[in-house]
Asker: 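Sending over a structure as structure tokens; questions will come in a sec.
Sequence lines set the chain letters: A, B, ... in the order given, protein chains first and strands last, and positions in each chain run from 1. All figures in this text were calculated on a predicted structure; none of them were measured in a lab.
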2 protein chains.
Amino acid sequence: MMIQYKTKPTAEACLASINAVRDALYVLNGKWKMPLIIALVNGPKRFKDIQRSLQDITPKVLSKELRDLEMNEFVERKVFDTVPVTVLYELTPYADTLGPILEALRAWGTEHRQRIVESRRSEPVAV
Amino acid sequence: MMIQYKTKPTAEACLASINAVRDALYVLNGKWKMPLIIALVNGPKRFKDIQRSLQDITPKVLSKELRDLEMNEFVERKVFDTVPVTVLYELTPYADTLGPILEALRAWGTEHRQRIVESRRSEPVAV
DNA sequence: CAGTATCCCGCTGGATACTG
DNA sequence: CAGTATCCAGCGGGATACTG
């Protein structure tokens with residue numbers, strides 16, 4: 001059984017789970033948000049450094065994703081008055097509450113990749 | 001700290017985490033896949049019943065999502081030779097490995113909704 | 001460095017209607 | 001019931017170029 005219920009699962013409990021997951025996905029949607037948060041786990045980073053961490057994200061998209069994360073209070077933007085200007089992006093304490101989600105995704109993704117690789121190995125080679 | 005590392009986190013470990021999460025998101029992407037899986041947690045369901053569980057999903061989209069989940073071996077489609085035909089969709093054991101992800105999303109989504117509701121309460125009412 | 005400005009393509013996914 | 005067919009809007013998101 002996937003989700004452990006204290007009591008026998010009712011249709012209402014199931015619906016509540018579905019809606020809770022939809023709420024979560026609503027703010028974590030898209031290709032980049034969760035990887036981006038992970039990129040900031042080890043401490044604040046600059047715009048360009050995040051771009052490097054995420055490999056092939058374009059500045060437009062990164063900018064938009066960072067704004068989204070700011071609006072949802074996952075990320076704080078800090079500007080330093082240097083020349084040229086320095087900007088740091090830092091996770092908020094609220095972002096830390098995403099820990100279990102990210103860890104579960106990381107663990108599963110690792111296993112999943114392994115599974116794919118192994119199934120490829122046992123298949124006839126397609127040329 | 002969001003993700004617990006056995007040793008001091010290196011840039012490589014961070015990159016590995018990012019890629020693992022990206023792998024996971026690749027097969028779980030979109031608005032419906034995870035809610036759909038939850039809808040099947042309590043046992044196999046028929047097409048129409050899934051549609052009802054997910055409220056406003058259209059048959060076209062549901063059909064496509066189910067095919068995607070079948071391809072990734074999360075769901076098995078079983079046809080029964082009744083009149084009219086009966087089709088059941090059932091989770092595979094592999095879908096069960098998603099348990100921690102879904103539970104983490106459910107728990108976080110529940111808290112998050114609560115947080116939003118509370119912050120709304122303390123704000124001036126916008127008319 | 002830290003972004004913005006344009007352009008644009010493809011996919012997601014909704015509306016509606018129809019079929020075996 | 002269990003879908004498919006068509007049509008279509010929106011936007012996620014990439015490419016490229018440019019700015020303070």
Asker: Check DNA chain D against residues 18-35 of chain A and give the residues with a non-hydrogen atom under 4.0 Å, in numerical order.
Answerer: Gly30(A), Lys31(A), Trp32(A)
Asker: Are Val27(A) and Leu98(A) connected in a single hydrophobic cluster, I mean Ile/Leu/Val/Met/Phe/Trp/Tyr linked by side-chain heavy atoms less than 4.5 Å apart?
Answerer: yes
Asker: Considering only side-chain heavy atoms of Val87(B), which listed nucleotide, dG3(D), dG13(D), dG3(C), is closest?
Answerer: dG3(D)
Asker: Over how many whole Å does the gap from Leu36(B) atom CG to dG13(C) atom P extend?
Answerer: 12 Å
Asker: Which heavy atom of Val21(A) sits nearest to which heavy atom of Leu102(B), and what is that distance?
Answerer: CG2-O, 4.1 Å
Asker: Does the side chain of Glu90(B) reach to within under 4.5 Å of the side chain of Leu40(B), using non-hydrogen atoms?
Answerer: no
Asker: In terms of the nearest nucleotide of DNA chain C, which residue is placed more toward the 5' end: Pro84(A) or Lys64(A)?
Answerer: Pro84(A)
Asker: Taking C-beta and beyond as the side chain, do Arg52(A) and Lys48(A) meet within less than 4.5 Å on heavy atoms?
Answerer: yes
Asker: For residues Leu91(B) and Val75(B), determine if any side-chain heavy atom of one lies less than 4.5 Å from a side-chain heavy atom of the other.
Answerer: yes
Asker: Between atom NZ in Lys48(A) and atom P in dG3(C), what is the gap in whole Å?
Answerer: 12 Å
Asker: Any heavy-atom pair between the side chains of Leu28(A) and Phe74(A) that's under 4.5 Å?
Answerer: yes
Asker: Expressed as a whole number of angstroms, how long is the span from Asp68(A):CG to dG3(C):P?
Answerer: 14 Å
Asker: Side chain of Thr86(B) only, heavy atoms from C-beta on: which candidate in dG3(D), dA2(D), dG13(C) is closest?
Answerer: dA2(D)
Asker: Would you say Tyr89(A) reaches dC1(C)'s phosphate, i.e. side-chain N/O to OP1/OP2 under 4.0 Å?
Answerer: no
Asker: Are OP1 or OP2 of dC1(D) and a side-chain N or O of Arg46(B) less than 4.0 angstrom apart?
Answerer: no
Asker: Whether Arg67(B) contacts dA2(D) is assessed here as follows: a side-chain N or O lying under 4.0 Å from the phosphate OP1 or OP2. Is that the case?
Answerer: no
Asker: Calculate the interatomic distance between Leu66(B) atom CG and dT12(C) atom C1'; express it in whole Å.
Answerer: 16 Å
Asker: Let me know the distance between CZ of Phe80(A) and P of dA2(C), rounded to the nearest Å.
Answerer: 11 Å
Asker: Any side-chain heavy atom of Val87(A) sitting closer than 4.5 Å to one from Phe47(A)?
Answerer: no
Asker: Would a 4.5 Å heavy-atom cut-off, applied to side chains only, mark Leu36(A) and Leu62(A) as touching?
Answerer: yes
Asker: Evaluate the side-chain proximity of Trp32(A) to Arg22(B): yes if any heavy-atom separation is below 4.5 Å, no if none is.
Answerer: yes
Asker: So what is the 5' to 3' dot-bracket string for DNA chain D, if pairs are Watson-Crick or G-U wobble with both distances under 3.5 Å, crossing pairs use [ ] and | means the partner sits on another strand?
Answerer: ||||||||||||||||||||
Asker: Please walk me through it: do Glu70(A) and Arg67(A) pass salt bridge (Lys or Arg N to Asp or Glu O under 4.0 Å)?
Answerer: CA-CA 5 Å; Glu70(A) 244 190 292; Arg67(A) 254 175 291 147; over 6 Å; no
Asker: Decide salt bridge (Lys or Arg N to Asp or Glu O under 4.0 Å) for Arg106(B) and Glu103(B); before the verdict, give the C-alpha distance in whole Å, the side-chain angles of both, and the deciding distance to 0.1 Å.
Answerer: CA-CA 5 Å; Arg106(B) 189 204 57 74; Glu103(B) 171 54 22; 2.7 Å; yes
Asker: Got a sec? Which of residues 50-63 of chain B come in under 4.0 Å of DNA chain D, heavy atoms?
Answerer: Pro59(B), Lys60(B), Ser63(B)
